**Q** 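I am attaching a structure below and will ask some questions about it afterwards.
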Amino acid sequence: MENLTISHVKLNSHGINMWIAIDNTNNVTVGHVCLNIEQNNTLKFLDAWVHEDYRRCGIYRKLWDARWEYVLENYKGYKVYAWCKPTSLPLYLEKNFSTGEIVTYVETIV
C-alpha cells in the first residue's frame, strides 16, 4: 500500500512499544502491532490489528517487519515469543519461531 507511514511509539515506562500504520491519504490509523519487554531478556509480541477495510494489503507484514527489525537491532540474545492465530503462523515459522502447545479459546456467560 502506498502512502503508508509506520511509526514506532514507546507507550509508557512499563516496556510497551507499538508500531502504528497510518494511511496518509485519509490521515487514519489502519493498523498496529505491539511488543512488551519482559524480565530475563524476554520479549513478547502482542496485540496485532489491521482495520478491516485495509486487510489483504500487506500492512500486517509491514508492521511485523518493522517490529522485527527493531528487535534484531536492539535485542540480540533475547528470547522472543508470541501467541498467534493460524493465519499468522506461517510468518512466525518463516522467521524461525518454533511452535509450542496448541491452545483453544473458550468462553461462557455466567
Side-chain angles (χ1 to χ4, degrees):
M1 172 176 193
E2 293 186 33
N3 238 354
L4 185 75
T5 299
I6 296 187
S7 298
H8 175 212
V9 179
K10 292 184 179 184
L11 294 180
N12 57 37
S13 63
H14 297 290
I16 304 269
N17 287 260
M18 178 182 274
W19 286 260
I20 301 170
I22 298 171
D23 175 357
N24 295 310
T25 303
N26 299 315
N27 197 31
V28 62
T29 300
V30 296
H32 70 259
V33 295
C34 295
L35 162 72
N36 188 36
I37 302 165
E38 297 182 346
Q39 296 178 2
N40 302 319
N41 293 341
T42 303
L43 306 173
K44 181 179 183 182
F45 284 6
L46 39 84
D47 199 29
W49 167 81
V50 175
H51 189 284
E52 63 185 26
D53 293 343
Y54 290 83
R55 293 182 184 155
R56 304 281 184 236
C57 297
I59 293 170
Y60 173 71
R61 170 66 84 145
K62 288 178 183 179
L63 286 163
W64 204 100
D65 287 345
R67 177 180 58 187
W68 187 240
E69 287 302 316
Y70 178 79
V71 166
L72 293 176
E73 291 172 12
N74 296 286
Y75 294 100
K76 286 286 187 198
Y78 277 60
K79 176 175 75 174
V80 181
Y81 75 100
W83 299 95
C84 67
K85 293 181 179 180
T87 54
S88 299
L89 184 57
L91 176 55
Y92 282 91
L93 295 175
E94 174 188 313
K95 300 295 183 178
N96 295 318
F97 282 70
S98 58
T99 57
E101 221 176 309
I102 302 298
V103 297
T104 302
Y105 171 80
V106 295
E107 73 176 11
T108 188
I109 299 173
V110 295

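Predicted, not measured: the structure shown is a model, and the values here were computed from it.
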**Q** Are I22 and M18 connected, step by step, through hydrophobic side chains (Ile, Leu, Val, Met, Phe, Trp, Tyr) whose heavy atoms are closer than 4.5 Å?
**A** yes
**Q** Restricting to non-hydrogen atoms, name the atom on H32 and the atom on D47 that form the minimum distance, rounded to 0.1 Å.
**A** NE2-OD2, 3.0 Å
**Q** Checking Y92 against T99 for the side chain to side chain contact (heavy atoms under 4.5 Å, CB included) test, could you report, in this order, the C-alpha distance in whole Å, the side-chain angles of both residues, the deciding distance, and whether it holds?
**A** CA-CA 9 Å; Y92 282 91; T99 57; over 6 Å; no
**Q** Applying side-chain contact (heavy atoms from CB on, under 4.5 Å) between L43 and each of N36, V80, N74, N17, report the one that passes.
**A**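 Looking at N36, V80, N74, N17, the match for L43 under the side-chain contact (heavy atoms from CB on, under 4.5 Å) is V80.
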**Q** Counting only heavy atoms not in K95, do more than 12 sit closer than 6.0 Å to its NZ atom?
**A** yes
**Q** Closest approach of A21 and L63, non-hydrogen atoms and distance?
**A**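 Smallest heavy-atom distance, with atoms named: N-CD2, 3.8 Å.
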**Q** Among W83, W68, Y81, which one satisfies side-chain contact (heavy atoms from CB on, under 4.5 Å) with F45?
**A** W68
**Q** Rounded to the nearest 0.5 Å, what separates atom CG in L4 from atom SG in C57?
**A**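 If we round to the nearest 0.5 Å, L4:CG and C57:SG are 9.5 Å apart.
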**Q** So for atom CG, which belongs to D53, do other residues, nucleotides or ligands contribute more than 12 heavy atoms lying within a distance under 6.0 Å?
**A** yes
**Q** Apply side chain to side chain contact (heavy atoms under 4.5 Å, CB included) to residues Y54 and N26 and explain how you reach the verdict.
**A** CA-CA 12 Å; Y54 290 83; N26 299 315; 3.1 Å; yes
**Q** Can you tell me how far apart CG (L91) and CG (D65) are? Round to the nearest 0.5 Å.
**A**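 Reported value, rounded in 0.5 Å steps: 7.0 Å.
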**Q** Tell me, with the steps shown, if Y70 and Y75 meet side chain to side chain contact (heavy atoms under 4.5 Å, CB included).
**A** CA-CA 8 Å; Y70 178 79; Y75 294 100; 3.7 Å; yes
